[in-house]
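Everything below concerns the one structure shown next.
It should be emphasised that the depicted structure is a prediction, and the values quoted were computed from it without experimental measurement. Residue numbers begin at 1 in each chain, while the letters A, B, ... track the order of the sequences.
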Amino acid sequence: MTRQMQWLYGWLLVLPAAALLALFTHYPAIATAWHSFHSTPKGARPAVFVGGDNYRLLVDDPIFWQSLTNNLWYALGTIPASIGLALLMATWVNGRLPGRGFLRLAFFTPTILPMIAVANIWLFFYTPEYGLLEQITKGLGFASHNWLGSKGSALGALMVVAVWKEAGFFMIFYLAALQSMSPNLAEAAAIEGASRWYFFRRVTFPLLMPTTLFVLVNAVINAFRMVDHVVVMTRGGPDNATELLLYYIYEIGFRFWDTAYAAVLTMVLLAILGTVALAQFWFIGRRVHYQ
Amino acid sequence: MSAIAVDNVSKHWTTREGRVHAVDGLSFALEPGTLNVLLGPSGCGKSTTLRLIAGLEQADGGRIHIAGRDVTDLPPAQRNIAMVFQSYALFPHLSVAENIVFGLRVRRVSAADTATRLKRVAELLGLAQLLDRKPGQLSGGQQQRVALGRAIIAEAPVCLMDEPLSNLDAQLRQDMRAEIRSLQRALGITMVYVTHDQVEAMSMADRVILLNAGRIEQNATPVELYETPANTFVARFIGTPPMNLLPLAEGADGAVIDGSSGPAVAPIDCAGLTLGLRPEHITLLHGEGVPAMVAAVEYLGADSLVTCRLGNATLAARVGGSVGLAAGDTAWLSWAGSAQHLFESDGTRRADAERNEAATMFA
């Protein structure tokens, strides 16, 4: 085969994936950037170039700031908790114990269930007066509380659902990594007299760092693109207490049809996710041992 | 007092096919400061025995004593042992130095003491230049040294080794054999060394325990193992090519090799026994001894391997240099009387007194 033929072959093989990537990822991203510097076209009025006007609007938008803060709290509350829980569950079901196949399945179930169905089930748990949570707390003699309806607890209630859902998914990655570790390492450490906790701290955890980095990147991305639970359970309320960035973009873009401003918000989301991913790979990546 | 005493120890696994006895009522005692090899084919229970001594497996029955202390129910850490794994079990994210001092860190040995001991071990094993490297940046032989370093820095009186050289190439294996042996002598460690390689066993060991199917076939020095194998299994296992085992039958004036017409090689009452002859003890002298038909000749350089048909048996003879024989020729086989081994029909060795008497019949 000539060199030119090889070149052609290579491109043809890449073409389907490249075309899809360009069509559904690169083009929308560039188009969004383009639209964010233009006004929203309305009826007979076409879009005109407005420069940074849309971005100035963003700075003065209190709901944007609120949704960004909410999202940061949401990320902070769900990521460490779900990763920690995933690690704990993985170490547990990695050991020899009866019915561990059943346990693994149980931990993974939340990942298999459709998000909307899950949200509806949790909606029932949180329902005031006759929801599951209420029935338990009332039985124990506590006062009634509207978990999703009060400003103070709505975001927290959403966070619990996210942790429950994410932890099982991340557990699979940790379990796979644990299974690939040679049992000889633990035996060598046992002969030296290392306790289980010492072994975990000095050997297991450092060796799991590549997995942790991968899981962390996914967790951050998931935290910022979470929208299903908000749609089903709170719709951003009460009083914007559960307004998350992606849901806010959805509202601006498809309920108020302010596509230009939605484009600006999308650019912010893209910038956040891009920065976080780069930072994680650059800074944490240096401290990760890849085998 | 023996350094390690294993007393009637058993271990079985329950599999779908039923109970499998990995170790079946094993007993032996090892002298302090000696190198002892557990030798045997795959699945003979040698690694399981080592892991039982280490405490990585729990025995189903029997007691294990280390330095006079009953350790049967103690965890590995309290048995005062060190171990080298076949895979080396180095921690891939830790430097060579951190790998070696891992155990000292666990036991909170002072920094000054740790540094002195690390320096000594690194110099002993030639690792001084490599202390900052990660295991992944080392060759197989260097990784092996790090694993050794981690074992000896603990200064435990007992060191267990599970096929430590099986991942190395032939040349390196030979070097490491000598190195491990001299290290063991210099430090006065009691070593238990598992291998399936008889060359390692013969060249390194003070004592070899040859296992088969979870039982001891023979527990002896390498010389005894070679010169007086306790049964046909040991006779076939030790030596390359393995010992020829030739059934004896009644002949005209004594026992002959079954299916041949003579001459007699043993007294008449030896008929029904098995004659053992090592290929390297057979010499080819024209017109002398037993005639046999050459089936094949393999020239190996220093010597040649001549495969012959003799009666119903096939046997190999190892003779120096090249031989002027080809398939179909007649080879005259002879051997010294002392080279004859006699085995009973159940495979056990016939008592030596009788053997020597029998040997005088021939040659």
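- Across B:L26, B:I209, B:V192, a single residue satisfies side-chain contact (heavy atoms from CB on, under 4.5 Å) together with B:T49, and that is B:L26.
- Residues B:E98 and A:R202 are paired through a salt bridge, judged by an N-O separation under 4.0 Å between the basic side chain and the carboxylate.
- When heavy atoms are compared at a cutoff of 4.5 Å, B:R79 does not approach chain A at all.
- Residue B:L104: no heavy atom, backbone or side chain, is found under 4.5 Å from chain A.
- Judged purely by distance below 3.5 Å, without hydrogens or angles, the side chains of B:D60 and B:S10 never pair a donor atom with an acceptor atom.
- Heavy atoms of A:A189 lying under 4.5 Å from chain B belong to its backbone as well as its side chain.
- Highest contact tally toward chain A, considering only B:D162, B:I81, B:V106, is held by B:V106 [criterion: heavy-atom pairs under 4.5 Å].
- Electrostatic pairing of B:D206 and B:R181 counts as a salt bridge here, judged by a charged N lying under 4.0 Å from a carboxylate O.
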